[in-house]
Amino acid sequence: MSGEYEGRGEDRGDEHRTGFGTRAIRAGYDPTERGYGDATVPIHLAATFERERVDQPGSYTYDRNGNPTRDVLERRLASLCGGTHARTFASGTTAMAATALATLNPGDHAVLVRGAYGGTKILFDEFLDDQLGVDVTYADETDPEDILDAVREDTRLVWLESPTNPLLRLCDLGTIAERLSSHPATVVADNTFASPYFQRPLELGVDAVVHSATKFLNGHSDAMGGVVVTNDGALEPALSFMQVHGVGAPLSPFDCYLVLRGLKTLPARMDRHEANAQRVAEFLADHDAVRTVNYPGLETHPQHDLARQQMTGYGGVVSFEVDGDIAETRAVVEALECFSLAVSLGGAESLVEHTASMSAGYVPEAQRRASGISDSLVRAPVGLEDPDDLLSDLDRALSPLAE
C-alpha cells in the first residue's frame, strides 16, 4: 500500500495541497527567506540571541523559547500530520507527559487503552495517578464500546495507541473520535508505529497526535525526540506553555536537524519497511517454530479490515510468539545476526528483542501478562536490509525449534 490516498489535497493551505513526499522535503522552509539560501535547513546552535534594545527583542531571544531550526521542524511535522500546531520535545516520553499535563488537573479522570506502551502505563499509573491524583481507567483498545463505556462526565483525557506496542492491536480511531466529539475530554492518539505516512489520526477526528520522533520520523537511530500535533487552537497554548515552562524540554537544535534530515526520506523508508515487514510476517506465519504472528498486513490479523479502512499501509513492526519457553525464546533472539538485539525501532537496521526482558522488562509481570505479553513474545522492528537476508537469518535462528 502507499502513503498517498484519495482526499489528501484538502484545502489547508499551499503546503497541504502538495503531495506528502514533497512536504516531507520542503514544508516549512524557504531557503531564500533568510540567510544564504541553504538547501538544507541550517542548525542554529545559539542558546541565546542578541537584541538591539532592551525593550525590543528580535524574533528569537533564548533557545528554550524558540529556535529557527525547531520552528521549521514543527511546521513540517504539522503539515505531514495534517495539523496546524506542532510542539517538539526532548523525547517521546516528554511529549506524552506534556500532553497529559496540558489536559489534566488533580482529581480528573483519564482513560488509557490496556495495550498501550509500557512507558505510557508507568506515566499514567505512577505519576498521574499516584502523584497527581488523576483517576485512571483501562479499556480494551480493540473494543470501541469498552473505551466509550469507560468515559465519565469527569473524563478529561482519552489516550489511544494504534497500532499498539508490541502486539499491533488497533483502535477504531474514527468511531471513538466521532462518538466523543461533543465530550470535553481530549482524545489523543499515539501514532508512533504507523508514522504520518501510513496513518493520520487528526484526519480521523482525534484532538491531538503524539509521536516518538526517535523512531520512524528520524529513521536513523541517532536522535531522540517527541512531538505533539493538534488542530485544537484551545489546546495549543497549553502545549506551548508545557514546552517552554511546564517541562521546559524542547527538542535540541541538532536533534531537530537530524529529524528534518530523516523526514526527507520518510516516504521511501516507510514503503521499504512495510514491504520487508510483510515478507517477514508471511514467512513467520508459515514457520513451524512460530506459534502466532502479529502484523496488521496479514489477512489473519483480527483487525485487518480496520487497518485497511483507517491506514494507508501497515508499518514496519512485526511481533510473534516462539513455540518454546523463555529460555528457547531468548536463544532465538540471541542467535540472530542480521537483526540487532536492541530496544527501539524505526531505524534503517532491523532490531529484535525479547519483550518481557527488554522494553517491557520494567513493567510488573502481572501487568505484562494482562496486556498479552508472554515470555515467548518477540518484537522485530523490520529495517531496510535485503529481505532475503532477513528471512535466512530468522530461519537459521528458529530452525532448531522446528526439528
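Residues: numbered from 1 along the sequence shown.
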Chemist: For E141 and T164, test the side chains for any donor-to-acceptor distance below 3.5 angstrom and give the result as yes or no.
Modeler: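 Distance-only check fails for E141 and T164.
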Chemist: In terms of relative ring orientation, are Y60 and F49 parallel, tilted or perpendicular, with 30° and 60° separating the classes?
Modeler: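 If you compare the ring of Y60 with that of F49, the planes turn out tilted.
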Chemist: Going by an N to O cut-off under 4.0 Å, is there a salt bridge joining R369 and D375?
Modeler: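 So R369 pairs with D375 through a salt bridge.
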Chemist: For D323, which residues count as a salt bridge (charged side-chain N to carboxylate O under 4.0 Å, His left out) partner, sequence neighbours excluded?
Modeler: R291
Chemist: Under the side-chain contact (heavy atoms from CB on, under 4.5 Å) test, which residues partner D129, sequence neighbours left out?
Modeler: V136
Chemist: Applying salt bridge (charged side-chain N to carboxylate O under 4.0 Å, His left out), can you list everything that pairs with R64, at least two apart in sequence or on another chain?
Modeler: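 R64 satisfies salt bridge (charged side-chain N to carboxylate O under 4.0 Å, His left out) with no other residue.
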Chemist: Going by atom types only, do R26 and T22 share a side-chain donor-acceptor pair under 3.5 Å?
Modeler: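 Side-chain D/A pair, R26 to T22: absent.
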Chemist: List the residues meeting side-chain contact (heavy atoms from CB on, under 4.5 Å) with T40, not counting sequence neighbours, and say none if there are none.
Modeler: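 Counting only residues at least two positions away or on another chain, T40 forms a side-chain contact (heavy atoms from CB on, under 4.5 Å) with Y257, K264.
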Chemist: Look at the side chain of R76 and the backbone N and O of I25, then say whether any donor-acceptor pair between them is shorter than 3.5 Å.
Modeler: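 Yes, R76 side chain to I25 backbone: donor-acceptor pair under 3.5 Å.
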Chemist: According to the interplanar angle, ranging from 0 to 90°, do the rings of Y295 and Y314 count as parallel (below 30°), tilted (30 to 60°) or perpendicular (above 60°)?
Modeler: perpendicular
Chemist: Quick one: salt bridge (charged side-chain N to carboxylate O under 4.0 Å, His left out) partners of D38, sequence neighbours excluded?
Modeler: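 D38 satisfies salt bridge (charged side-chain N to carboxylate O under 4.0 Å, His left out) with no residue once adjacent residues are dropped.
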Chemist: Can you tell whether the side chains of R396 and D393 come within less than 4.0 Å, N to carboxylate O?
Modeler: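 Result for this pair is yes, salt bridge flagged.
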Chemist: Does the side chain of L394 reach to within under 4.5 Å of the side chain of H287, using non-hydrogen atoms?
Modeler: no
Chemist: Please enumerate all residues that pass side-chain contact (heavy atoms from CB on, under 4.5 Å) together with H44, with sequence neighbours excluded.
Modeler: P42, N67, P68, T69
Chemist: I'd like to know if R169 and D140 make a salt bridge, using a cut-off of under 4.0 Å between side-chain N and carboxylate O.
Modeler: no
Chemist: Side chains of E282 and Q278: donor-acceptor distance under 3.5 Å anywhere?
Modeler: yes
Chemist: Pairing donors with acceptors under 3.5 angstrom, does anything connect the side chains of E74 and Q243?
Modeler: yes
